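This report concerns only the one structure given below.
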Amino acid sequence: MKIDRTRIEGPVVSGFSGGGFRVDDNVYLGLLITPARAESWTPPPLEALTPEAFAPLAAMDPQPEFLLLGTGSTLRRPPPALEAALPFGIEVMDSRAAARAWGVLRAELRWIAAALYPLG
């Protein structure tokens with residue numbers, strides 16, 4: 001499936017580079033991405049992940065439909081209490097899959113957010 005990137009509004013993950021994510025002319029090792037912006041993210045170890053790590057996403061107005069959480073090179077589950085504590089739903093997958101899902105869902109103009117752990 002080929003995504004028509006001209007239809008996507010806002011930042012798009014266009015590839016992977018050096019263990020990170022290429023967005024526009026930048027490469028981010030860890031990434032928080034919303035329909036409006038992409039920014040570097042230095043997440044805690046997954047088992048220590050708390051809602052505070054997503055403060056910029058929780059401040060979005062309107063709130064995202066849900067969060068794509070990319071857990072690095074492999075799928076790992078975050079702490080069970082995390083999902084219940086967030087003000088939006090969460091979909092967990094490895095970071096490459098989350099980056100690809102971001103492009104597909106943004107092409108549909110879905111109002112989502114993503115937090116991607118580094119690939120390495």
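We number each residue from 1, following the sequence as shown. Note that the structure is a prediction, hence the values are computed from the model and not measured.
- Sorted by first and then second residue, the side chain to side chain donor-acceptor pair (under 3.5 Å) pairs involving residues 110-120 (not counting sequence neighbours) are Glu65-Arg110.
- When side chains are defined from C-beta on, Pro35 does not count as touching Glu9, because their heavy atoms never get closer than 4.5 Å.
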Show every donor-acceptor pair shorter than 3.5 Å between a side-chain atom in residues 39-61 and any protein atom, with sequence neighbours excluded, or say none if there are none.
| from | atom 1 | to | atom 2 | distance (Å) |
| --- | --- | --- | --- | --- |
| Glu39 | OE1 | Arg37 | NE | 2.7 |
| Glu39 | OE1 | Arg37 | NH2 | 3.3 |
| Trp41 | NE1 | Ala53 | O | 3.4 |
| Thr50 | OG1 | Glu52 | OE1 | 2.8 |

Output a table of donor-acceptor pairs, distance under 3.5 Å, between side-chain atoms of residues 17-24 and any protein atom two or more places apart or on a different chain; print 'none' if there are none.
| from | atom 1 | to | atom 2 | distance (Å) |
| --- | --- | --- | --- | --- |
| Ser17 | OG | Arg22 | NH2 | 3.1 |

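- Residues Leu119 and Ser95 come closest through the heavy atom pair CD2-CB, 3.7 Å.
- Minimum interatomic distance between Leu67 and Ala115 (heavy atoms only, all atoms of both residues): CD1-N, 3.7 Å.
- Sorted by first and then second residue, the ring-ring contact (aromatic ring centres under 6.0 Å, His included) pairs involving residues 71-91 (not counting sequence neighbours) form an empty list.
- Ala98 and Leu68 get closest at one heavy-atom pair: O-CD1, 3.7 Å.
- The hydrophobic cluster containing Leu31 also contains Phe16, counting ILVMFWY residues as joined when their side-chain heavy atoms lie under 4.5 angstrom apart, directly or transitively.
- One hydrophobic cluster, built from ILVMFWY side chains closer than 4.5 Å, holds both Met93 and Leu116.
- When all heavy atoms of Ile90 and Leu69 are compared, the pair lying nearest together is CD1-CD2, 3.7 Å.
- Side-chain atoms of Arg96 never come within 3.5 Å of backbone atoms of Ser73 as a donor-acceptor pair (strictly under, hydrogens ignored).
- Sorted by first and then second residue, the side chain to side chain donor-acceptor pair (under 3.5 Å) pairs with a member in residues 74-90 form an empty list; sequence neighbours excluded.
- Under a hydrophobic clustering in which Ile, Leu, Val, Met, Phe, Trp and Tyr are joined whenever their side-chain heavy atoms come within less than 4.5 Å, directly or via other members, Leu32 and Leu82 fall into the same cluster.
- With sequence neighbours left out, the side chain to side chain donor-acceptor pair (under 3.5 Å) criterion links Glu91 to no other residue.
- For the ring-ring contact (aromatic ring centres under 6.0 Å, His included) condition, no pair includes a residue of residues 59-86, sequence neighbours left out.
- Contact record, Thr34 with Trp102: C-CH2, 3.4 Å, taken as the closest heavy-atom pair.
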